[in-house]
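What you see below is based on every heavy atom in this structure, not just the backbone, and it leaves out hydrogens, waters and symmetry mates. Whatever order the structure lists them in is the order used to number ligands and atoms, beginning at 1.
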Amino acid sequence: MSYEQVRQTDPATADALEGEVKRQENTLAMIASENHVSEAVLEAQGSELTNKYAEGYPGERYYAGCGPADAVESLAIERAKELWGAEHVNVQPHSGTQANTGVYLAMLEPGDKILSLELEHGGHLSHGHPANFTGKTYKVEQYEVDAETGYIDYEGIKAQAEAFEPDIIVSGYSAYPREVDFERIQEAADAVDAYHLADIAHITGLVAAGVHRSPVGVADFVTGSTHKTIRAGRGGIIMCGEEHAGAIDAAVFPGAQGGPLMHNIAGKAVGFNEALSPDFEDYAQQVVDNAEALGSRLQEHGFSLVSGGTDTHLVLIDLRDSHPDTTGTVAEEALEEVGIVLNKNTVPGETRSPFNPSGIRAGTPALTTRGFDEAACERVADIIYRVVDAPDDEDLKAEAAAEVEELCAAYPLYDREGSLVDFE
Ligand SMILES: *Cc1c(COP(=O)(O)O)cnc(C)c1O
């Protein structure tokens with residue numbers, strides 16, 4: 001990729017943009033919420049639709065000249081309906097957090113009650129954290145994963161719901177490696193007449209491909225990100241039954257947002273179309289197979305994984321057992337030095353702090369996009385082990401960096417002409 005126009009008018013920004021291309025090419029993106037979109041999605045996101053105001057929805061806009069915008073948004077909606085089997089879809093949320101905002105705004109009054117997973121246990125800021133508007137606007141109680149198993153404690157949620165009587169129960173997580181049984185959370189919601197919001201931000205692609213069970217048709221509302229396990233560019237999405245369609249649409253616009261980011265919605269249309277191809281099911285299955293291979297190999301090296309493994313695209317390593325003196329921050333920084341980019345993460349029963357937690361989280365969506373298979377992921381696990389085991393050993397890190405470079409070259413992101421390699 002080159003940025004010829006930017007280079008001419010703004011070399012400083014061009015430097016940074018090209019730096020990012022090189023960074024993505026020459027490092028392994030293992031942040032579980034990241035991926036690489038196709039060149040087609042990039043092109044759509046960079047389109048002239050960024051110039052267009054299209055407040056409203058297809059066929060009922062507040063501005064003239066929305067013909068092509070209507071076409072693009074309708075394509076995104078129809079494809080999303082097909083991918084997830086939803087009755088109603090809103091593709092306008094600017095992000096996953098904005099999607100959740102839309103649901104809360106549509107269904108709750110200030111002071112209403114949210115029951116959601118604790119951030120430290122794998123939840124998300126937008127589920128009621130005190131620093132987020134949700135924590136300031138609603139009464140929030142949080143549930144925890146089972147201390148022994150690391151799994152969602154469905155019985156515990158039910159009991160907590162009966163005591164707290166929430167207006168909405170939130171499922172769907174940021175750092176939970178296991179399959180979520182949405183039906184059981186629905187039972188807990190039904191028992192106290194609460195709504196159920198399933199936030200599948202991380203697993204939208206896995207759900208679309210059928211490699212993770214779907215909450216669509218189970219939960220009242222399903223929200224998601226469009227840039228994590230599905231490669232449709234940065235954004236959010238809300239799905240619900242027809243009965244809530246009007247309330248959700250009004251909450252997104254004019255409730256929480258102004259003009260939709262039509263260029264991003266174009267990216268969603270293109271990315272959703274890609275995900276409708278049979279290749280995408282193979283991709284999603286490979287993401288999970290790769291995470292399983294990565295996790296098993298890490299365990300062979302003595303690492304403890306929260307919940308003992310994974311059913312999804314990510315593993316969460318609790319360093320306290322194998323490396324009690326190494327924090328997630330130390331591990332993250334040493335790994336970044338060798339070109340493995342992942343994130344420090346709190347773990348259930350965290351004994352440190354969110355800024356310096358006891359775990360690291362690693363995902364396989366982006367590596368799988370580059371073509372990594374199980375064997376390649378095992379090699380990555382070997383490198384992670386060596387580096388985390390001796391984060392200050394400069395010789396060892398130099399060797400690890402050379403091996404990462406070799407892997408990046410073996411699974412390139414761009415061909416010689418600078419085009420993204422055809423992933424599928
Ligand atoms: C990533 C994520 C979101 C959305 O995040 P944005 O950065 O706002 O797109 C929402 N919920 C969960 C559980 C997430 O992991």
Side-chain angles (χ1 to χ4, degrees), residues 29-35 37 41 45 80 90-105 114-129 131-135 138 140 142-145 152 168-180 182 185 196-207 212 214-215 219 221-239 251-252 256-257 260-261 264-265 267-268 271 287 291 306 310 312-316 342-348 354 359 361-366:
M30 296 189 75
I31 292 175
S33 48
E34 291 185 1
N35 211 326
V37 298
V41 171
Q45 282 197 319
N90 187 309
V91 295
Q92 291 193 5
H94 301 336
S95 73
T97 295
Q98 287 290 92
N100 290 340
T101 301
V103 173
Y104 302 133
L105 197 58
I114 298 177
L115 179 62
S116 60
L117 182 67
E118 184 76 49
L119 185 67
E120 260 178 23
H121 286 237
H124 190 260
L125 290 165
S126 63
H127 296 179
H129 192 273
N132 183 264
F133 97 95
T134 46
Y138 307 110
V140 181
Q142 300 205 289
Y143 53 93
E144 300 189 342
V145 296
I152 293 294
I168 195 164
I169 301 181
V170 184
S171 67
Y173 315 106
S174 297
Y176 184 66
R178 292 300 182 174
E179 185 163 32
V180 181
F182 297 108
I185 305 220
H196 175 194
L197 162 59
D199 173 357
I200 59 168
H202 264 258
I203 55 170
T204 41
L206 305 186
V207 169
H212 187 296
S214 175
F221 305 97
V222 177
T223 54
S225 298
T226 53
H227 49 269
K228 295 181 181 177
T229 47
I230 194 160
R231 299 171 293 199
R234 192 155 295 272
I237 186 172
I238 305 176
M239 297 176 255
V252 173
Q257 296 184 172
L261 307 179
N264 276 18
I265 292 172
K268 289 172 189 177
V287 166
V306 172
T310 180
T312 64
H313 61 300
L314 69 85
V315 296
L316 184 57
L342 46 62
N343 63 285
K344 58 180 179 281
N345 216 97
T346 54
V347 292
R361 185 185 68 161
T364 54

Provide, to 0.1 Å, the distance between [atom] and the closest protein heavy atom, together with that atom's residue and name.
atom	answer
atom 1 (C) of ligand 1	Lys228 NZ, 1.3 Å
atom 9 (O) of ligand 1	Gly96 N, 2.9 Å
atom 10 (C) of ligand 1	Asp199 OD2, 3.3 Å

If we ignore angles and hydrogens, is there a donor and acceptor under 3.5 Å between the side chains of [X] and [Y]?
X	Y	answer
His196	Ser171	yes
His124	Asp199	no
Gln257	Gln92	no

- [ ] Report the part of Ser174 in contact with ligand 1, treating N, CA, C, O as backbone and CB onward as side chain, heavy atoms under 4.0 Å; options are side chain, backbone, both, neither.
- [x]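 It is both backbone and side chain that touch ligand 1.
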Open item on the list: Below 4.0 Å, non-hydrogen atoms only: which portion of Arg234 touches ligand 1? Side chain, backbone, both or neither.
Closed with: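 Neither part.
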Open item on the list: Less than 4.0 Å from atom 7 (O) of ligand 1, is there any heavy atom belonging to the protein?
Closed with: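 It does not; no protein heavy atom is within 4.0 Å.
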Within the distance-only criterion (no hydrogens, no angle test), does the side chain of [X] pair as donor or acceptor with the backbone N or O of [Y] below 3.5 angstrom?
X	Y	value
Thr223	Ile238	no
Tyr176	Ile152	yes
Arg361	Ser174	yes

- [ ] Step by step, work out the side-chain contact (heavy atoms from CB on, under 4.5 Å) result for Tyr173 and Arg178.
- [x] CA-CA 10 Å; Tyr173 315 106; Arg178 292 300 182 174; over 6 Å; no
Open item on the list: Out of all atoms in ligand 1, which are within 4.0 Å of some heavy atom of His202? Include the element for each.
Closed with: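 Heavy-atom distances to His202 below 4.0 Å select 15 (O).
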Open item on the list: Within the 4.0 Å heavy-atom shell around His227, which atoms of ligand 1 are there?
Closed with: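 The atoms of ligand 1 under 4.0 Å from a heavy atom of His227 are 9 (O).
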Task: Ser225 to ligand 1, any heavy atom closer than 4.0 Å - done: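 Ser225: in contact with ligand 1 (<4.0 Å).
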